[in-house]
Amino acid sequence: MLHTIFFDLDNTLYSRQSGIWEAIGDRINIYIRDKLNIDENEISSIRSYCRENHGSTLMGLKSLYEIDDLDYLSFVHDVDLSCILTDDGRLKDLLDSLPHRKLIFTNSDIFHAKRILNYFGVLEYFDHIIDVLTLIPYVKPQPKAYIKALSIAGLPSADGCVFVDDMIENVEQGDKQGFLSILVGEPINNTPSIPDIFELPELLKTYT
Ligand SMILES: [Mg+2]
């Protein structure tokens with residue numbers, strides 16, 4: 001029986017098309033340019049290096065510079081959500097329709113997660129927010145991030161657990177770790193997938 005769902009946050013609980021990711025990306029660029037005094041032309045290659053070698057921009061920057069995690073995270077997530085996201089009540093309806101225990105499992109930080117969840121009025125649906133600060137020094141898709149998430153949830157294994165994420169590498173690792181792992185987005189290979197989060201209840205019916 002499926003009893004617990006681990007939800008990614010960004011581009012999973014809200015649409016990839018919302019523009020919020022781009023807005024945060026712009027803030028990351030400003031941080032690198034203004035706080036680290038790096039030339040505008042080098043920003044994109046530094047960000048690629050960070051993601052490819054360290055899993056996230058923050059972890060990569062920390063390997064190169066002295067960075068205060070909280071200062072970085074509050075700076076890059078300082079975007080006006082009301083200009084970007086629309087709350088039509090559908091996310092709340094979706095979570096109401098799912099009887100499972102629910103957790104957030106995100107490479108973002110808890111302050112950003114709470115802002116988004118509060119914006120949609122759904123914070124209380126989740127009994128844990130497992131964020132990048134909780135997971136340090138790991139991030140998805142590192143296997144230990146998943147093991148740590150299960151441990152925080154107080155679960156001995158991923159049996160009966162669902163994991164939903166928009167990044168194929170995260171979903172493939174979730175599958176290796178024993179979660180029923182579902183991709184939000186265009187189908188890739190034989191990975192179970194849904195075009196958007198609102199299709200989750202229908203897909204889960206096929207597993208019960
Ligand atoms: Mg995501």
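Counting starts at 1 for both ligands and their atoms, following the listed order. Below, each value reflects all heavy atoms present in this structure, side chains not excepted, and no hydrogens, waters or symmetry copies.
Excluding waters, the set of protein N/O/S atoms under 2.8 Å from the Mg ion (ligand 1) reads D8 OD2, D10 O, D166 OD1.
Note on R101 versus D127: salt bridge recorded, some NZ/NE/NH1/NH2 to OD/OE distance being below 4.0 Å. Using a cutoff of 4.0 Å between basic side-chain nitrogens and carboxylate oxygens, K140 and D8 are scored as salt-bridged.
Listed by first and then second residue, the ring-ring contact (aromatic ring centres under 6.0 Å, His included) pairs that reach into residues 181-208 come to none, sequence neighbours excluded. Under the side chain to side chain donor-acceptor pair (under 3.5 Å) criterion, the residue pairs touching residues 183-203 are E202-K205, with sequence neighbours excluded.
Not counting sequence neighbours, R33 has no partner by the side chain to side chain donor-acceptor pair (under 3.5 Å) test.
No option in L70, V76, D69 other than V76 meets the side chain to side chain contact (heavy atoms under 4.5 Å, CB included) test with Y72.
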